[in-house]
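Shown next, in structure tokens, is the structure this report addresses.
Because only heavy atoms are used, hydrogens play no part in the values below, and waters and symmetry mates are left out as well, while side chains stay in.
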Amino acid sequence: MIRRALISVSDKRDLVPFARSLAEFGVEIVSTGGTARALSEAGIKVRSVEDVTGFPEMMNGRVKTLHPGIHGGLLGRRDLPSHVDAMTAHNIPEIDLVCINLYPFEKTIMQEGATHQESIEQIDIGGPAALRSASKNHQFVTVVTDTDQYDRVITEMRQHEGATTLELRRDLAVAAFTRTAEYDTAISAWMCSRRPKPFPEMLRLSYTRQDDLRYGENPHQKASVYMNPASGEPSVVTGDVLHGKELSYNNLNDGAAALELVQDLHETSPRQSAAVIIKHTNACGGAVADTLGDAFEQAYGTDPVAAYGGILAVSDPVDLTTAESICEGSKFLEMIIAPGYADAALTRLRDRWKNVRLVDVHTMRHTGRRKLNYKSIPGGMLLQSRDTRLPSPSDWIHAAGPAPTPALLEDAAIMWVFVKHLKSNAIAIGRDGQLLGAGTGQVDRVTACRLAIEKAGERLSPDLGAIATSDAFFPFPDGPRLLIDAGVTCIVQPGGSKRDQATVELCEERGVTCLITGIRHFRH
């Protein structure tokens, strides 16, 4: 039976209806600070924690429930005479239900401009302690940690004359321990992130299950998607799906790759708009242009065959003109990711395709990039700092051929972003802000060159010229020779090979500009 409840919540949604339902069962409600005021103002009778403990709330609310008068009532076993005698001797009332949702620490640290002290003050101490005490004693105590649990608790009390079942109490205790674990992990991660050492001694990750997926990469694999509550950057996980089928494992994986690439292009290029089309996490099309419509047209024109069934990500809200271009002809896209949609554009896209996923990520602006990448392997986890390096042409070395113009350097920087986001070994060929062809995921760089040339096709010629970028050095000049013979007039590569000079001499001999970046971008 629930006769007495301790309620202390930061999130006061649905608080009053829940407390009123408890009161209808004759439950005595004990509460603190702002929660007590909210309930009293709603006409619900409340007993203060101070009345139970004999101590006032103090230290700006840091100390209020940390008292034997509270924890004895939570931890005391009703089936042990020694516990019951101790509670009687010290005038400790039994507490049968605890409803606590914790200070909004995760929300606070995501807010731009939140100070260190503001974040510290949102670290809840009494709340987790009370939840753990109640959960440990779930044989006798019902513990509520989320507004979504209110209806289930009240329904059970109505079905069982004011009592809850052990099955429910056990489920809620699991949820409570999970919540306090997530909370502590978020605090630990935040504090570790403020230390100069990038990698913690003990890795604890706190992600919240967002949804179960139909299956993983293949139908025989099970899958689910988890959200990082501390993330402050645009994401397909937290974006709003405005239309279409539910997102699949592959949609989310490809969508994340598309979003990262279009963000980097948006930050690198002085041009207004960027658009990319992704297949299997690799770009099969991409461009920057002065308008979003032009950027899309050029991105789709890179490889219309590969673009069929691809993932489109754009840097600007989709307007009607761009939507008309997307819908034109027999194009088909699995998913479109944008920082917003004009109403008319959204209507046009919905009318054109019944199932295309339209995702609104709201912004391209980074408000706190995740600093680490995690990759699970059998028996362990690999961690590395995230590759957020953008091109810096002013730091590149002009190693051979004609001196690059500012326009060429701008174009080379864009192609360098494309190759950074391709799976290694990778070669990207393009010009005028448009990707013309890419060779990706090869075990030798010569084959990557051949594939990029083949994809570029007739658009690649010595008369027009083009830029070729390589994610790592050329071990021999055979790859550069293929590129130059096909019409490449500028080669951008990290350098670092023992045979760099052979590539430099080849470029000098053929009148091709060779730029050395000093930065490698392997992506496995």
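No donor-acceptor pair closer than 3.5 Å links the side chain of T489 to the backbone N or O of V512. T302 contributes no side-chain N or O that, together with a main-chain N or O of G285, makes up a donor-acceptor pair within less than 3.5 Å. Judged by distance alone, with hydrogens and angles left aside, the side-chain atoms of R170 form no donor-acceptor pair with the main-chain N or O of E167 at under 3.5 Å. Side-chain atoms of Q210 come within 3.5 Å of backbone N or O of V237 as a donor-acceptor pair. Between the S188 side chain and the D184 main chain, no donor and acceptor come within less than 3.5 Å of each other. Distance alone, capped at 3.5 Å, is enough to place a donor-acceptor pair between the S470 side chain and the A472 backbone. Using modelled atom types, one side-chain atom of Q434 and one backbone atom of Q298 make a donor-acceptor pair closer than 3.5 Å. The main-chain N or O of Y207 is never found under 3.5 Å from a side-chain atom of N228 such that the two would form a donor-acceptor pair. At least one donor-acceptor pair under 3.5 Å links the side chain of T513 to the backbone N or O of P402. Formation of a donor-acceptor pair under 3.5 Å by the K455 side chain with backbone atoms of A428 is not found in this model.
For E410, the side chain to side chain contact (heavy atoms under 4.5 Å, CB included) criterion is met by P270, R271, not counting sequence neighbours. Under the ring-ring contact (aromatic ring centres under 6.0 Å, His included) criterion, F418 pairs with no residue at all, not counting sequence neighbours. Partners of K423 by side chain to side chain contact (heavy atoms under 4.5 Å, CB included), not counting sequence neighbours, listed by chain and number: T281, N282, R523. Here R179 pairs with L102, E106, E182, Y183 under the side chain to side chain contact (heavy atoms under 4.5 Å, CB included) rule; sequence neighbours left out. In terms of the ring-ring contact (aromatic ring centres under 6.0 Å, His included) criterion, residue partners of H524 (sequence neighbours excluded) are, by chain and number, F522. Checked against salt bridge (Lys or Arg N to Asp or Glu O under 4.0 Å), D471 has the following partners two or more places apart in sequence or in another chain: R445. For Q272, the side chain to side chain contact (heavy atoms under 4.5 Å, CB included) criterion is met by D316, not counting sequence neighbours. Taking the ring-ring contact (aromatic ring centres under 6.0 Å, His included) definition, one finds that F474 meets it with nothing, sequence neighbours left out. Shown here are the ring-ring contact (aromatic ring centres under 6.0 Å, His included) partners of H521, two or more places apart in sequence or in another chain: W416.
Atom CD of E118 sits in a crowded spot, with more than 12 heavy atoms from other residues, nucleotides or ligands closer than 6.0 Å. Residue-environment remark: CD (Q221) exceeds the threshold of 12 foreign heavy atoms within 6.0 Å. Atom CG of N355 is surrounded by more than 12 heavy atoms from other residues, nucleotides or ligands within 6.0 Å. In this structure, E246 places its CD atom where only 12 or fewer heavy-atom neighbours from other residues, nucleotides or ligands lie under 6.0 Å away.
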Practice task
Walk me through it: do D432 and D411 pass the test side-chain contact (heavy atoms from CB on, under 4.5 Å)?
Solution key: CA-CA 6 Å; D432 298 330; D411 219 18; 4.3 Å; yes

Handout entry: Criterion side-chain contact (heavy atoms from CB on, under 4.5 Å) on E328 and E297, from CA distance to verdict
Key = CA-CA 11 Å; E328 187 181 22; E297 288 285 358; 4.2 Å; yes

Exercise for the section: For side-chain hydrogen bond (donor to acceptor under 3.5 Å, both in side chains), just list the numbers for D500 and T503, CA-CA rounded to whole Å, side-chain angles, deciding distance to a tenth of an Å, and then say yes or no. Expected result: CA-CA 5 Å; D500 271 349; T503 296; 5.6 Å; no

Exercise for the section: Decide side-chain contact (heavy atoms from CB on, under 4.5 Å) for V419 and M415; before the verdict, give the C-alpha distance in whole Å, the side-chain angles of both, and the deciding distance to 0.1 Å. Expected result: CA-CA 6 Å; V419 85; M415 291 307 121; over 6 Å; no

Practice task
Under the side-chain contact (heavy atoms from CB on, under 4.5 Å) rule, what do I326 and W353 come out as? Steps first, then yes or no, please.
Solution key: CA-CA 11 Å; I326 294 171; W353 290 292; 3.8 Å; yes

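You'll find the side chain of R348 reaches within 4.5 Å of the side chain of R352, heavy atoms only. The shortest distance between side-chain heavy atoms of M381 and L383 falls below 4.5 Å. Between I453 and V488 there is no side-chain heavy-atom pair separated by less than 4.5 Å. Side-chain contact between P391 and T268 is present, with heavy atoms from C-beta onward closer than 4.5 Å. The closest side-chain heavy-atom distance from D303 to K279 is not below 4.5 Å. Here the side chains of L451 and T440 are not in contact, with every heavy-atom distance at 4.5 Å or above. In this structure the side chain of D171 reaches within 4.5 angstrom of the side chain of R152, judged on heavy atoms. A heavy-atom distance below 4.5 Å is found between the side chains of L261 and V417.
Remark: L483 CG to R450 CZ distance equals 11.0 Å, nearest 0.5 Å. From D387, atom CG reaches atom CG of N373 across 8.5 Å, with rounding to the nearest 0.5 Å. Separating the NZ atom in K498 from the CZ atom in F473 is a distance of 9.5 Å, to the nearest 0.5 Å. In this structure, OH in Y341 is found 7.0 Å from CG in L349, a value given to the nearest 0.5 Å. Going from atom OG1 of T363 over to atom CG of D360 covers 10.0 Å, rounded to the nearest 0.5 Å. Of the inter-residue distances, the one linking E458 atom CD with L436 atom CG reads 12.5 Å to the nearest 0.5 angstrom.
Across V314 and A338, no two heavy atoms sit closer than the pair CG2-CB, 3.5 Å. Considering all non-hydrogen atoms of both residues, L213 and S248 come closest at CD1-C, 4.3 Å. In terms of heavy-atom proximity, A412 sits nearest to T469 at O-CG2, 4.3 Å. Shown here for A295 and S273, the closest heavy-atom pair between the two residues is CB-O, 4.1 Å. Smallest separation of non-hydrogen atoms from L422 and A438: CD1-CB, 3.7 Å. Residues A274 and V262 come closest through the heavy atom pair O-CG2, 3.6 Å.
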For residues 304-312, which side-chain donor-acceptor pairs fall under 3.5 Å, sequence neighbours excluded?
none

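No option in L247, L252, L242, L259 other than L247 meets the side chain to side chain contact (heavy atoms under 4.5 Å, CB included) test with V359.
For the ring pair (Phe, Tyr, Trp, His ring centres under 6.0 Å) condition, no pair includes a residue of residues 216-271, sequence neighbours left out. Counting only residues at least two apart or in different chains, salt bridge (Lys or Arg N to Asp or Glu O under 4.0 Å) contacts with residues 214-226 are absent.
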